[in-house]
Amino acid sequence: GAVVSQHPSRVICKSGTSVKIECRSLDFQATTMFWYRQFPKQSLMLMATSNEGSKATYEQGVEKDKFLINHASLTLSTLTVTSAHPEDSSFYICSARGGRDSPLHFGNGTRLTVT
Amino acid sequence: QKEVEQNSGPLSVPEGAIASLNCTYSDRGSQSFFWYRQYSGKSPELIMFIYSNGDKEDGRFTAQLNKASQYVSLLIRDSQPSDSATYLCAVHQGGKLIFGQGTELSVKP
């Protein structure tokens, strides 16, 4: 089945620093990737839709200048959390699909802890 | 009204029983429906997807869809302790996958 690789799986950083998370589709091309965030005991909340070769589409309430998304190729999207703060600590998960109505496949997630 | 609603549970069933998980959605135009399983601390993994009204079976899992009632369910037969997890219902709406809050299932040995 479709494989989505996400790296790193866990990162601890100091407040004010930036963290980059990579998401790769390993065996299919993904024109669209999605970034979700999940706080403990809560569901997945869509942050943004990453489109290859164009600007990402952000959900309401998500700061585009804080969460920078780059989708430079059909197999790679990156999310950079800039000037991270403790409230940004969360589980970030990327996902991708091969076609419009195809199921989403998720990366293994990145556990971000900002101290 | 939330776009996708699930009973958060926890739902507790004995080993070997049938677990029934329910989900309702608000957008009548939705066409694709998915069930994901998420173990604590892990990312979701796809269990089943269903596009047409009726039942779809895959091993111990059966997804049921009723578009008129805007209702989708997941049945797990012969529940095992390893099925204990949070089950997420997701609905494809406007090019995005919208998730319910998840139902926590506990299967007791």
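Numbers restart at 1 for each chain; the letters A, B, ... are given by sequence-line order, proteins then strands.
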Counting only non-hydrogen atoms closer than 4.5 Å, does Leu46(A) touch chain B with its backbone (N, CA, C, O), its side chain (CB onward), both, or neither? side chain

When you group the ILVMFWY residues by side-chain heavy-atom contacts below 4.5 Å and let the links chain together, are Phe61(B) and Val91(B) in the same group? yes

Answer yes or no: does atom NE2 of His85(A) have more than 12 heavy-atom neighbours from other residues, nucleotides or ligands under 6.0 Å? yes

Pick from Ser40(B), Ala90(B), Gly41(B) with the largest number of heavy-atom pairs that fall under 4.5 Å of chain A: Gly41(B)

Answer yes or no: are there more than 12 heavy-atom neighbours, outside Lys56(B) itself, under 6.0 Å from its atom NZ? yes

Taking Leu74(A) as the starting point, is it possible to reach Val4(A) by hopping between hydrophobic residues whose side chains are less than 4.5 Å apart? no

With clusters defined by side-chain heavy atoms of hydrophobic residues (ILVMFWY) lying less than 4.5 Å apart, directly or transitively, does Leu68(A) cluster with Met47(A)? no

Approximate separation, where rounding is to 0.5 Å, of Thr86(B) OG1 and Gln42(A) CD: 12.5 Å

NZ (Lys64(A)) with more than 12 external heavy atoms under 6.0 Å: no

Out of curiosity, Arg111(A) CZ to Lys42(B) NZ, how far, rounded to the nearest 0.5 Å? 9.5 Å

Whether over 12 other heavy atoms sit under 6.0 Å from Asn51(A) CG: yes

Is the number of heavy atoms from other residues, nucleotides or ligands under 6.0 Å of Met48(B) CE greater than 12? yes

Would you say the side-chain atoms of Ser43(A) pair up with the backbone N or O of Gly102(B), donor to acceptor, closer than 3.5 Å? no

If we only count heavy atoms from C-beta on, is the Pro44(B) to Ile93(A) side-chain gap below 4.5 Å? yes

Select one option (side chain, backbone, both, neither) describing which atoms of Gln6(A) are under 4.5 Å from chain B's heavy atoms. neither

Could you measure the distance from the CZ atom of Phe106(A) to the CD atom of Gln38(B)? Nearest 0.5 Å is fine. 8.5 Å

Which bit of Phe49(B) comes within less than 4.5 Å of chain A, counting heavy atoms only: side chain, backbone, both or neither? side chain

Which atoms of Glu45(B) come close to chain A, meaning under 4.5 Å heavy atom to heavy atom: side chain ones, backbone ones, both, or neither? neither

Return the CG to CD distance between Leu88(B) and Gln38(A), rounded to the nearest 0.5 Å. 7.0 Å

Correct closest heavy-atom pair for Ser43(B) and Gly109(A) would be CB-N, 4.3 Å

